[in-house]
Amino acid sequence: MAFQSFPTRFALLALIASMLSLWCVMPAFAEPATSNSEETRLLLEKSLSVVEIDNEIKRVQVQQADLTKETASAKQTLEEQEQQIAYKREQAGKVLRAYYMGDRDIWLTALLSSRSLSDFLMVMEYADLIFAHDRDVMKLYKEEYAKLAKGIEQLGKKQQELASIEQRLKEQRARVLALQEQIEGGLAGRSDADKLRLMMEELTKYWESIGLYEVKQHFSALAKAMQKLPEWLQNNKKYLETSGLTYTIRIPEDALNAFLREQDERFKQFSFSFKDGSLTAYGKRDALELSVTGHYTVEQEPRNGIIFHVDELLFNGLSLPDTTKQELEKQFDLGFYPSLIISFLQATEVEIKDGELIVTLQVKL
């Protein structure tokens, strides 16, 4: 029995050894890169960007594949609609020709030549049936034509979107190639090139196994907290000022810190600060250091709100590329929606100054 369990124990020991080796190498880059040369920091940053842009390429490829299927399906639907409308077009043409050639005038003549009320009513009934059929034919043709026109428009949009996605793929692949060339150029001739390659490899493992997960967990917690901000403001009206039809929300950074720390234990190791028009969240736990800097804008679509945009994202002192920031913005809504405080309010202005987040609201008339 002990002999049979040996492979399992061996595999477990190998896994533990692998994890320990990862954590042993981690301190070389888990701490902010200030201890390394600027050149080394930039190389590590570029290697991390390559990983993230590669992930963006994979996401775009999935979108491309899905859209290609949708486009093919839309083309097939259009072909079927064109076949259906061909018969209705022929019917509609016959109706129009009948009116143009005067074939329907016979009913007007019959009505005028009726010699009794019963004849008149009978002719009216037949005429009504003919004209009703004509109206139905024209109506069906009009509906099918409108459906076909809409399908053509949608197909055009899908084709434009597909072309845009293909262009994005080209651009991202070009970025990856350029970064890889820069990395290889930076490593060329260095005596510690092998060591740096190992650091890059371990950085990639750490980011993909732990770093990205932790970053997403923090963004998720922040998004959930922001959903509770309107309710918190209702219970803390000292931060809400009114002047006629104008409302002003003033949230000091210490109040925001207190609110967020009430919402999630993670934020007890984070500090949020307002400075120079930006909000910065900074925190450090174990081997992970995270810094997020961004700004707010007023947006009207899809609904009125204060939307947070990530300007800079630092992971252990290394800047992550725009693709990562954009993906996190898509995944996690860090916005604030005034209508959740009072339904008839809408945001008109937002600014950060003197250690406060200031939101101006107006009553919707």
Side-chain angles (χ1 to χ4, degrees), residues 52 55-56 59 211-234 236 239-240 247-284 288-315 318-342 345-362:
E52 279 301 281
N55 288 335
E56 171 68 4
R59 287 192 292 267
L212 182 59
Y213 171 81
E214 286 293 335
V215 169
K216 287 186 175 183
Q217 287 298 301
H218 282 81
F219 268 78
S220 176
L222 189 55
K224 290 175 182 177
M226 291 305 293
Q227 291 177 6
K228 298 179 181 178
L229 186 60
E231 180 183 351
W232 179 78
L233 284 169
Q234 286 180 328
N236 292 270
Y239 302 119
L240 184 63
Y247 289 70
T248 304
I249 297 173
R250 295 178 177 273
I251 306 177
E253 61 181 45
D254 59 345
L256 180 65
N257 276 294
F259 161 71
L260 291 172
R261 286 165 185 165
E262 288 174 4
Q263 307 307 312
D264 198 290
E265 289 287 326
R266 292 182 183 86
F267 298 131
K268 290 183 178 179
Q269 296 168 327
F270 264 68
S271 63
F272 295 80
S273 60
F274 300 132
K275 186 178 180 182
D276 300 329
S278 297
L279 180 150
T280 297
Y282 172 81
K284 183 176 180 181
L288 184 140
E289 183 178 354
L290 182 64
S291 176
V292 183
T293 300
H295 69 282
Y296 284 99
T297 60
V298 176
E299 306 288 342
Q300 301 300 333
E301 298 295 336
R303 59 171 169 162
N304 176 263
I306 308 300
I307 307 303
F308 185 74
H309 305 279
V310 181
D311 297 322
E312 183 182 58
L313 180 60
L314 299 177
F315 165 70
L318 303 175
S319 180
L320 290 162
D322 57 320
T323 54
T324 308
K325 293 182 287 188
Q326 290 164 5
E327 183 62 21
L328 288 170
E329 280 187 27
K330 286 181 190 176
Q331 268 191 282
F332 304 102
D333 183 4
L334 305 185
F336 164 66
Y337 303 95
S339 60
L340 297 178
I341 303 175
I342 303 176
L345 287 180
Q346 64 177 4
T348 57
E349 186 179 354
V350 60
E351 61 179 331
I352 292 174
K353 67 176 185 179
D354 302 327
E356 286 186 323
L357 171 64
I358 305 168
V359 182
T360 304
L361 313 170
Q362 293 284 344

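Just so it is clear, the model here is predicted, and its values are computed rather than measured.
Judged by distance alone, the side chain of Glu312 and the main-chain N or O of Ser319 form no donor-acceptor pair under 3.5 Å. Remark: side-chain polar atoms of Asn304 are paired, donor with acceptor, to backbone N or O of Ala347 under 3.5 angstrom. Not a single donor-acceptor pair under 3.5 Å links the side chain of Lys325 to the backbone N or O of Leu320.
Crowding of Glu231 atom CD: a count of heavy atoms from other residues, nucleotides or ligands under 6.0 Å not exceeding 12.
For Glu351 and Tyr296, the side-chain atoms include no donor-acceptor pair closer than 3.5 Å. A donor-acceptor contact closer than 3.5 angstrom is absent between the side chains of Thr360 and Thr348. In this structure, a donor-acceptor pair under 3.5 Å is present between the side chains of Thr297 and Glu299. Using modelled atom types and a 3.5 Å distance limit, the side chains of Thr324 and Glu52 yield a donor-acceptor pair.
Contacts of Glu329 classified as side chain to side chain donor-acceptor pair (under 3.5 Å), with partners at least two apart in sequence or in another chain: none. When the side chain to side chain contact (heavy atoms under 4.5 Å, CB included) test is applied to Pro252, the partners found at least two apart in sequence or on another chain are Tyr239, Asp254, Ala255, Glu356.
Ring orientation note: the planes of Trp232 and Phe259 are tilted relative to one another, at an angle of 30° to 60°.
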* To do: Could you walk me through whether Ser271 and Arg261 pass the side-chain contact (heavy atoms from CB on, under 4.5 Å) test, one step at a time?
  => CA-CA 9 Å; Ser271 63; Arg261 286 165 185 165; 4.1 Å; yes
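Contact annotation: the side chain of Phe336 approaches that of Leu233 to within less than 4.5 Å [non-hydrogen atoms, C-beta and beyond]. Looking only at side-chain heavy atoms (C-beta outward), Phe274 and Leu256 come within less than 4.5 Å of each other.
Each of Tyr282, Tyr213, Phe270 was checked for a ring-ring contact (aromatic ring centres under 6.0 Å, His included) with His218, and the lone residue meeting it is Phe270.
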